Enquirer: 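This is the structure I have questions about; it appears just below.
Everything numeric in this text was worked out from a predicted model, so none of it was measured. Side chains are part of it too, since the values below use all heavy atoms of this structure and drop only hydrogens, waters and symmetry mates.
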Amino acid sequence: MNDTVGLAVVGSAGVIGVSHVADIGELDSTRLVGVYDLNTEVAQGQAADLGVKHYPGLEDLLGDGEVDAVALGVPHPLHHTIALEAFKARKHVLTEKPIAATPSQADEMVRAAREAGLTLGVVFQHRFRPDVVRMHSMIDEGALGDLYRTMLSQGSFRTQFYYDTAAWRGTWSDEGGGVLINQGVHHLDLFQWLGGMPRTVRGLASTLMHSIEVEDMASALLEYDNGAHGTVHSNAVQAPSDLRLELYGDRGALVLADQQLIYSRQQVPISEFTRSEKKMFSRPVFQEELVEVEHRGSIHADAIDDFARALLEGREPAVTGEEGTRSLELIAAIILSSCTGQVVDLPIDRQAYDDLLEELTARRSLFRS
């Protein structure tokens, strides 16, 4: 490998692929070797404009010795198949979110990369947001202490036209889910990265406003190993949209509301105050402060840069395949619980979820008849 990583973009003509192409061209750690897309005309134009190679087929891209790694900008139902082909060709892989359509597909991708001694990374760029980085470091430094409650609320909006423009959207057979796996997955990744993975999931999902097979609204109640509780909500029907992530611990709380981060520092740990205070209606004293961070440009480019530097430095990327699978596992647990009416233990039973998706695909509906 040279002092830069040679990347080729699969799906270069799509919205995400265009972003990959632009970011790769601006980084010191990467060089764009070539592009491939089923929209041949657009991909040829990109290659001509940028002075890079155009690949007429995926096999041509994977056979190019100048390509060190493949960046997947295609819809996530295609990640699994293309990644496995890339590993066979001895190429590293960087996928967009989510890593795949199901946890079992993700497991196979992770296993293939590890067995080949190659790197699999996932673009969860919100982990590179300065406010999120600050949250993670504060948690690591003990600012919250042991967590006792977590909360994620993510409200977004999509029109029916959004789903109608691509046949794979809003289907069990291709997309593998709805708002959770598409719009919600970024924030579920942050949620579990900051607050940890729960032990059990109780889910509720529904199709409220769209003519689609999958959910456009979902909620869940979580329980953690230490007995802490968590709640999750995600929808694609809300206006105005919002994001709110709350973490409450023995020593303090962090609340991320869109791009505002607030820290509440307990004067005395809550567990100690609960045991020692002798007045019936006393309340813990805390100090609330706005955590100032400097918001900056393309965090998407940061994610690509980290992956490339990981290859150059011989280390793991910030978001490995294993890391990228966790949010997908949460999604699967919410859907499985919603459809069965049962509490789901983590790690999720992969076969049970695959069987459920097969049933949902045949029925083309979220609900059991």
Enquirer: Arg326: which residues meet the salt bridge (Lys or Arg N to Asp or Glu O under 4.0 Å) condition with it, sequence neighbours left out?
Expert: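 If we apply the salt bridge (Lys or Arg N to Asp or Glu O under 4.0 Å) test to Arg326, skipping adjacent residues, the hits are Glu323.
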Enquirer: Can you name the residues that form a salt bridge (Lys or Arg N to Asp or Glu O under 4.0 Å) with Asp306, not counting sequence neighbours?
Expert: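 With sequence neighbours excluded, Asp306 shows a salt bridge (Lys or Arg N to Asp or Glu O under 4.0 Å) to Arg315, given in chain and number order.
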Enquirer: What I want to check is whether the side chains of Thr207 and Asp216 have a donor and an acceptor closer together than 3.5 Å.
Expert: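 Asp216 and Thr207 do not have a side-chain donor-acceptor pair below 3.5 Å.
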Enquirer: Assess whether a salt bridge exists between Lys53 and Glu66, defined as any Lys/Arg side-chain N lying under 4.0 Å from an Asp/Glu carboxylate O.
Expert: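 Yes, this pair counts.
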Enquirer: Which pairs of donor and acceptor atoms, one on a side chain in residues 16-25, lie under 3.5 Å apart (sequence neighbours left out)?
Expert:
unit_1: His20; atom_1: NE2; unit_2: Glu96; atom_2: OE2; d: 2.8
unit_1: Asp23; atom_1: OD2; unit_2: His300; atom_2: ND1; d: 2.7

Enquirer: With sequence neighbours excluded, what pairs up with Ser153 under the side-chain hydrogen bond (donor to acceptor under 3.5 Å, both in side chains) test?
Expert: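 Counting only residues at least two positions away or on another chain, Ser153 forms no side-chain hydrogen bond (donor to acceptor under 3.5 Å, both in side chains).
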Enquirer: Taking only residues two or more places apart in sequence, or in another chain, which ones meet Glu115 in a salt bridge (Lys or Arg N to Asp or Glu O under 4.0 Å)?
Expert: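 If we apply the salt bridge (Lys or Arg N to Asp or Glu O under 4.0 Å) test to Glu115, skipping adjacent residues, there are no hits.
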Enquirer: With a cut-off of under 6.0 Å to the ring centre and 45° to the axis, is Arg350 in cation-pi contact with Tyr353?
Expert: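 No; the conditions do not both hold, so Arg350 does not lie above the ring face of Tyr353.
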Enquirer: Test of understanding: with side-chain hydrogen bond (donor to acceptor under 3.5 Å, both in side chains), list the residues that count as partners of Ser137, not counting sequence neighbours.
Expert: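 Counting only residues at least two positions away or on another chain, Ser137 forms a side-chain hydrogen bond (donor to acceptor under 3.5 Å, both in side chains) with Arg134.
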Enquirer: Which donor-acceptor pairs under 3.5 Å do the side chains of residues 255-265 make with protein atoms, sequence neighbours left out?
Expert:
unit_1: Asp258; atom_1: OD1; unit_2: Leu243; atom_2: N; d: 3.0
unit_1: Tyr263; atom_1: OH; unit_2: Ala143; atom_2: O; d: 2.9
unit_1: Arg265; atom_1: NH2; unit_2: Glu289; atom_2: OE1; d: 3.3

Enquirer: Please write out which residues are connected to Met217 in a hydrophobic cluster, directly or through intermediates, given that two of Ile, Leu, Val, Met, Phe, Trp, Tyr count as joined at side-chain heavy-atom separations below 4.5 angstrom.
Expert: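 Under the 4.5 Å side-chain rule, Met217 groups with Leu208, Met209, Val237.
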Enquirer: Quick one: list whatever passes side-chain hydrogen bond (donor to acceptor under 3.5 Å, both in side chains) with Asp60, sequence neighbours left out.
Expert: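 Residues passing side-chain hydrogen bond (donor to acceptor under 3.5 Å, both in side chains) with Asp60: none at all.
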Enquirer: If you group Ile, Leu, Val, Met, Phe, Trp and Tyr whenever their side-chain heavy atoms sit less than 4.5 Å apart, what else falls in with Met280?
Expert: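 Answer for Met280: Phe281.
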Enquirer: Do Glu246 and Tyr248 have side-chain N/O donor and acceptor atoms under 3.5 Å apart?
Expert: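 Result is yes, a qualifying pair exists.
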Enquirer: State whether the side chain of His76 and the backbone N or O of Ala101 hold a donor-acceptor pair below 3.5 Å, judged by distance alone.
Expert: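 No; zero donor-acceptor contacts below 3.5 Å.
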Enquirer: Kindly state each residue pair satisfying side-chain hydrogen bond (donor to acceptor under 3.5 Å, both in side chains) with at least one member in residues 33-42, sequence neighbours excluded.
Expert: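 As it turns out, there is no side-chain hydrogen bond (donor to acceptor under 3.5 Å, both in side chains) pair with a partner in residues 33-42 once direct neighbours are skipped.
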Enquirer: Can you name the side-chain hydrogen bond (donor to acceptor under 3.5 Å, both in side chains) partners of His186, sequence neighbours left out?
Expert: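 Counting only residues at least two positions away or on another chain, His186 forms no side-chain hydrogen bond (donor to acceptor under 3.5 Å, both in side chains).
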